[in-house]
2 protein chains.
Amino acid sequence: MVTAVTTTEPRKRNRRGEGGKLREEIIAAAVALLDEGGDERAVTLRSVARKAGIAAPSIYAHFADQPSIMLAVVQQEMDRLATALREADQNAGTDARTRLFAVCNAYLDLAREHPQRYRIMFGGLWTPSVDDTSISDADLESLGAEALTLLADVLEACVAQGIAHGSDDPYGDAVALWLGLHGLAHQRAVVRKMPGPADVAERLITALAHLKP
Amino acid sequence: MVTAVTTTEPRKRNRRGEGGKLREEIIAAAVALLDEGGDERAVTLRSVARKAGIAAPSIYAHFADQPSIMLAVVQQEMDRLATALREADQNAGTDARTRLFAVCNAYLDLAREHPQRYRIMFGGLWTPSVDDTSISDADLESLGAEALTLLADVLEACVAQGIAHGSDDPYGDAVALWLGLHGLAHQRAVVRKMPGPADVAERLITALAHLKP
DNA sequence: TTGTTTGCTTACAGGCGTTAGCTTACGTCT
DNA sequence: AGACGTAAGCTAACGCCTGTAAGCAAACAA
């Protein structure tokens, strides 16, 4: 049983300048392993290599060590999330309520579509190997801050349009709203079926955004 | 608190009827490993055995396999949590607002005191080995349901005392409130420092319980 | 004494991350 | 056209740790 149980065909070597392509393929392989329903323990250096159809040591040309792979996955998915939120906001027009629900639902949808990825991103198990300079706490915090700023913007718009009760600290309200969304998204990502009513999301958003009835 | 799991001294064998004691010591050892700041990967069958001062195979007399240990830890900590919540409620007197904050803060405090345990409980990584009959999904769900019922009770009391706006579905509101608490507790358990204002907890509770200003 | 509980020792097979050194094919330069 | 430097990836191997099986030794109760 040495060979290729899954999808591994004799890999075509990349062209001269395109060695970096493999880096993306490695990340994609890691993500694929997650999406297949395995938890993060299924994402080992060797399993990723198998999935990508390469030999395990070939990874070291692109990543310093195993945690670096997870780190890259997290960063990529964080970027994807931030982009999705911005996009949802911009496609939502100018009505504040529509914007609010668009952004929040985009967040929840992404988490629901890829629960394992969400778990990795916010589950706190990717153990930053501090010597990886390509990404750091600052990166992630700034990304979170970006999403929070977006939320705060939308909340302010709600107040400005008179559909929500104001507050002296919209950023703080954004944090609270995000925490609620995160609680729901994470719990959905973890358990097979959530207890509670179907409109929990709406209730959370309405309450935490202080929307007027 | 089961004590003396710190170092590896030649273990005193248990008396005739007290073989079951080791089971508790094993769980305690696993919890200790978590509390030492290691994540769940640090809790291997062998590391637990080392911590408990016994030989690795000796665990099999008390647990079917390694995941069963984690499962037992989760159940124990879930019990502890439920007890703490009930206790906080009963010590809070009859004022609904006081009861509400007492229960919620008890939840948050416990999570903050033992972040790694909290992560294990709700992180969804303990991979139930289905053949373990001593605990099951039903157990955990019923436990969650118990906590939720408690929350719903307190919320109804708030409405009854006129300090919160009513709702046609107090249980649903309890779920929403719990999700908010969970989001905060989990995020605190995962990252070293939370962004946002210091009174996020109060804001979450106030908003999700629909407390009147 | 004898049976049973309690826990240990030894051992195996397999997966892991990582290092060292080799092969092959590409692009370039004469 | 042919040689060559180098990028791209592979094979082999190391040491470590894991979960688990099989059988043994000692202490206690009857």
Side-chain angles (χ1 to χ4, degrees), chain A residues 1-6 8-30 33 38-73 125-129 131-132, chain B residues 4-5 8-30 33 38-72 125-127 129 131-132:
Chain A
M1 239 39 88
V2 174
T3 56
V5 203
T6 53
T8 49
E9 278 304 298
R11 222 188 98 86
K12 258 291 202 248
R13 170 183 299 194
N14 279 322
R15 305 287 274 276
R16 206 63 187 298
E18 304 174 335
K21 268 191 176 175
L22 185 50
R23 186 190 156 88
E24 295 171 24
E25 293 185 33
I26 290 170
I27 298 180
L33 283 172
D39 55 37
E40 52 263 50
R41 285 170 301 195
V43 186
T44 76
L45 195 145
R46 290 180 113 105
S47 71
V48 168
R50 280 191 296 265
K51 193 76 182 177
I54 61 175
S58 301
I59 292 185
Y60 286 95
H62 303 278
F63 295 93
D65 50 12
Q66 191 266 344
S68 300
I69 303 176
M70 295 314 280
L71 218 53
V73 169
L125 199 54
W126 35 278
T127 342
S129 64
D131 51 338
D132 190 324
Chain B
V5 272
T8 49
E9 276 305 296
R11 224 190 98 84
K12 258 291 202 255
R13 167 182 300 194
N14 279 322
R15 304 287 275 275
R16 205 66 187 294
E18 305 175 334
K21 265 190 178 175
L22 184 49
R23 188 190 154 89
E24 295 172 23
E25 292 185 32
I26 290 169
I27 298 179
L33 283 172
D39 55 37
E40 50 264 49
R41 287 171 301 195
V43 185
T44 77
L45 195 147
R46 291 180 111 103
S47 71
V48 169
R50 280 192 295 267
K51 193 75 181 177
I54 62 175
S58 300
I59 292 185
Y60 285 97
H62 304 278
F63 295 93
D65 49 11
Q66 190 267 344
S68 300
I69 303 176
M70 295 314 281
L71 218 52
L125 199 54
W126 36 277
T127 343
S129 63
D131 52 336
D132 189 325

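The chains referred to below are lettered A, B, ... by the order of the sequence lines, with proteins before strands, and numbering in each begins at 1.
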Q: Take the protein atom CD1 of B:I54 and the nucleotide atom P of C:dT6, then report the distance between them rounded to whole Å.
A: 13 Å
Q) Just how far, in rounded Å, is P of C:dG7 from CZ of B:R23? A) 14 Å
Q: Nearest 0.5 Å please: distance from the NE2 atom of A:H62 over to the CD atom of A:E24.
A: 10.5 Å
Q) Got a second to check how far B:R23's CZ is from B:I59's CD1, nearest 0.5 Å? A) 11.5 Å
Name the pairs: protein N/O against N/O of nucleotides 18-21 of chain D, kept only if under 3.5 Å.
from: D:dT18; atom 1: OP1; to: B:T44; atom 2: OG1; distance (Å): 3.3
from: D:dG19; atom 1: OP1; to: B:L45; atom 2: N; distance (Å): 2.9
from: D:dG19; atom 1: OP2; to: B:L45; atom 2: N; distance (Å): 3.1
from: D:dG19; atom 1: OP2; to: B:R46; atom 2: N; distance (Å): 3.2
from: D:dG19; atom 1: N7; to: B:R46; atom 2: NH1; distance (Å): 2.3
from: D:dG19; atom 1: O6; to: B:R46; atom 2: NH1; distance (Å): 2.9
from: D:dT20; atom 1: OP2; to: B:Y60; atom 2: OH; distance (Å): 2.8
from: D:dT20; atom 1: O5'; to: B:Y60; atom 2: OH; distance (Å): 2.9
from: D:dT20; atom 1: O4; to: B:R46; atom 2: NH1; distance (Å): 3.4

Q: Compare every heavy atom of A:T44 with every heavy atom of A:R41, then report the nearest pair and how far apart it is.
A: O-CG2, 3.5 Å
Q | Check: A:L22 and A:E25 side chains under 4.5 Å, non-hydrogen atoms | A | yes
Q.
Do B:F63 and B:L45 have side chains that approach each other closer than 4.5 Å (heavy atoms only, starting at C-beta)?
A. no
